[in-house]
Amino acid sequence: MNTAKSKQLYKTACGFMPGGVNSPVRACKAVGTVPLFIDHAKGSRIWDEDGNEFIDYVCSWGPNILGHCCEPVINAVKAACDKGLTFGACHKGEITLAELIKKHFPSMEMLRLVNSGTEAVMSAIRAARGYTGRDKIIKFEGCYHGHSDGLLVKAGSGLMTQAIPSGAGVTEGCTKDTLLAKYNDTASVEKLFEEYGNEIAALIVEPCAANMGVVPPEKGFLEFLREITKNHGTVLIFDEVITGFRLSEGGASKYFGVIPDMTTLGKIVGGGMPLACYGGKLEIMQCVAPLGSVYQAGTLSGNPCAVAAGIETIRQIESIPNFYEELNRKSAMIENAIREKGLNVNRCGSLMTVFFNDESVKSYDEARACNTESYGRYYRHMLQSGIYTAPSQFEAMFVSYAHSDEDIAKTIEAIESYR
């Protein structure tokens with residue numbers, strides 16, 4: 001496969017950006033390659049600068065659930081652009097998107113639009129602290145909630161890929177109120193509540209972990225988190241930046257039947273544009289300025305072009321009969337092929353990860369024990385076979401509605417030919 005143009009572009013990029021990239025996992029160091037520079041995409045396919053064509057299972061790390069360049073979404077964005085790229089003022093599209101979100105996430109009684117998942121999570125935690133008057137939060141090892149200082153403690157995603165235990169530049173003062181629990185381990189959570197009791201403002205969790213690879217919650221785990229936080233007056237936050245509109249129209253909350261106090265959404269909710277949101281119970285969100293004293297603001301929050309993409313994406317999902325059933329059918333076909341190959345795989349809806357180890361992965365420690373060199377060989381094989389997957393053992397594979405049965409068959413063929 002000729003990648004000469006990508007290699008030259010990467011060499012040039014390294015002179016301008018740290019590692020030549022604007023997000024660490026894109027550097028592809030963990031899989032022993034240089035990054036491909038993408039020229040264009042359509043449907044289930046992407047093409048790089050050298051003209052190589054791939055079936056794409058990264059899907060921009062989740063937002064492209066409808067596939068690339070979904071025509072109604074593109075047209076909605078173009079129409080919004082014709083009216084102006086940004087106003088820094090209110091517009092009715094914000095209300096329309098908020099109504100759509102609340103329709104599917106009724107626990108978000110009030111919400112605020114922001115620009116990224118990191119910003120949404122940071123703001124939700126601040127609101128929870130303002131509401132409770134407490135300082136401490138609980139997060140789980142291997143769960144990634146963006147790159148704000150207080151959450152870069154044994155986080156997943158790029159931090160696992162780069163083997164960084166917690167980011168440099170983050171002071172002890174920023175993390176002193178962050179308590180760590182083990183995902184799928186109720187005893188570790190109970191111990192923290194026994195020790196810190198009513199000091200804990202919020203517990204934040206990926207309801208299905210997707211940043212140490214896909215690790216679904218074990219039966220009863222989310223229900224336990226709901227009960228223990230309720231008993232201690234602690235705000236339960238579901239980080240659904242990945243799972244929102246991915247596992248179901250109502251995200252993981254509907255999928256698993258557990259209702260949090262607050263939710264953060266991103267990726268799909270913005271239709272591929274920079275947009276996210278946070279929201280929850282009315283009494284919590286009324287603490288946010290200008291109603292309350294918890295300050296959060298953003299010049300580009302509610303950007304009309306991003307809002308237009310989000311609105312049309314949700315409307316398209318609503319309009320397609322059996323949308324999630326079809327996603328699950330295609331995803332199950334790939335999962336079965338991986339299992340028949342003798343490899344380990346975790347799947348939750350249209351999210352999945354191939355793990356290179358001898359046992360099923362249910363925790364952060366088990367994910368860390370996987371053979372990343374073997375994953376790198378698998379990644380390179382799939383790439384040479386025309387299949388574009390995540391360049392990290394600790395990221396998810398995303399199936400989109402645009403993936404055809406022909407795409408799935410070609411993907412299965414590549415899996416079967418792996419040695």
Side-chain angles (χ1 to χ4, degrees), residues 3 6-7 9-41 46 48-49 54 56-65 68 114-122 142-170 206 209-214 239-244 246 264-276 298 300 303 306 309 351 353 372 375-376 379 383 388-398 400:
T3 58
S6 281
K7 289 176 180 175
L9 286 166
Y10 181 57
K11 182 178 179 180
T12 302
C14 285
F16 294 95
M17 294 166 278
V21 295
N22 284 310
S23 188
V25 73
R26 299 178 193 174
C28 296
K29 290 184 178 180
V31 291
T33 67
V34 297
L36 297 180
F37 279 67
I38 306 306
D39 177 69
H40 66 284
I46 59 171
D48 68 13
E49 290 283 351
F54 304 92
D56 177 24
Y57 289 102
V58 175
C59 294
S60 190
W61 305 100
N64 293 329
I65 196 169
H68 294 281
V114 293
N115 298 292
S116 71
T118 292
E119 187 181 353
V121 169
M122 177 184 71
C143 284
Y144 179 71
H145 303 291
H147 60 266
S148 60
D149 286 0
L151 293 167
L152 285 182
V153 183
K154 286 198 174 180
S157 192
L159 286 166
M160 289 183 74
T161 300
Q162 302 293 331
I164 302 171
S166 67
V170 178
E206 291 181 84
N211 286 288
M212 50 178 149
V214 174
D239 181 347
E240 294 222 43
V241 169
I242 288 178
T243 57
R246 167 62 63 176
T264 63
L265 299 173
K267 298 186 184 292
I268 292 171
V269 79
M273 298 285 276
L275 185 145
L300 296 177
N303 173 270
L351 296 167
T353 299
T372 55
Y375 182 85
Y379 169 85
L383 198 67
Y388 188 69
T389 59
S392 167
Q393 169 68 91
F394 308 113
E395 300 285 356
M397 178 179 183
F398 298 90
S400 79

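Fair warning: this is a prediction, and the values are worked out from it, not measured in the lab.
Partners of H68 by side chain to side chain contact (heavy atoms under 4.5 Å, CB included), not counting sequence neighbours, listed by chain and number: A41, I46, D56, N64. Scored by the ring pair (Phe, Tyr, Trp, His ring centres under 6.0 Å) test, Y57 finds H403 as partners (sequence neighbours excluded). Residues passing the side chain to side chain contact (heavy atoms under 4.5 Å, CB included) test with V241 are D239, T264, K267, sequence neighbours excluded.
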| request: Kindly indicate, with the supporting measurements, whether the criterion side-chain contact (heavy atoms from CB on, under 4.5 Å) is fulfilled by F394 and T372. | output: CA-CA 9 Å; F394 308 113; T372 55; 3.9 Å; yes
| query | Could you walk me through whether Y379 and C28 pass the side-chain contact (heavy atoms from CB on, under 4.5 Å) check? | reply | CA-CA 10 Å; Y379 169 85; C28 296; 4.2 Å; yes
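For the pair S60/F398, no side-chain contact is recorded, criterion being any heavy-atom separation below 4.5 Å from C-beta on. Taking 4.5 Å as the limit, every side-chain heavy atom of N115 sits out of range of all side-chain heavy atoms of L275. Counting heavy atoms from C-beta outward, Y388 and D48 have side chains that stay 4.5 Å or more apart. Counting only heavy atoms from C-beta outward, the side chains of C14 and K11 never approach each other to under 4.5 Å. With contacts defined as side-chain heavy-atom distances shorter than 4.5 Å, the pair L151/Y144 does not qualify. Between L383 and L36, the closest side-chain pair of non-hydrogen atoms falls below 4.5 Å.
The shortest heavy-atom contact between G146 and T118 is CA-OG1, 3.1 Å. For the pair R26 and N22, the tightest heavy-atom approach, listed with the atom from each and the gap, is NH1-CB, 4.0 Å. Here the closest heavy-atom approach between residue E206 and residue H145 is recorded as N-CE1, 3.7 Å. For the residue pair A390 and A396, the shortest heavy atom distance occurs at CB-O, 3.8 Å. The shortest heavy-atom contact between P391 and A30 is O-CB, 4.1 Å. Closest approach of P35 to S6, counting heavy atoms only: O-CB, 3.7 Å.
One N or O on the side chain of Y10 and one on the backbone of G19 form a donor-acceptor pair closer than 3.5 Å. The backbone N or O of A276 sits nowhere less than 3.5 Å from a side-chain atom of E119 that would complete a donor-acceptor pair. Between the side chain of T353 and the backbone N or O of E395, at least one donor-acceptor pair lies under 3.5 Å. Without hydrogens or angle criteria, R246 side chain to G62 main chain gives a donor-acceptor distance under 3.5 Å.
Here I65 contributes atom CD1 and C59 contributes atom SG; the two are 9.0 Å apart, rounded to the nearest 0.5 Å. Rounded to the nearest 0.5 Å, atoms CG (D39) and CD (E49) are 4.5 Å apart.
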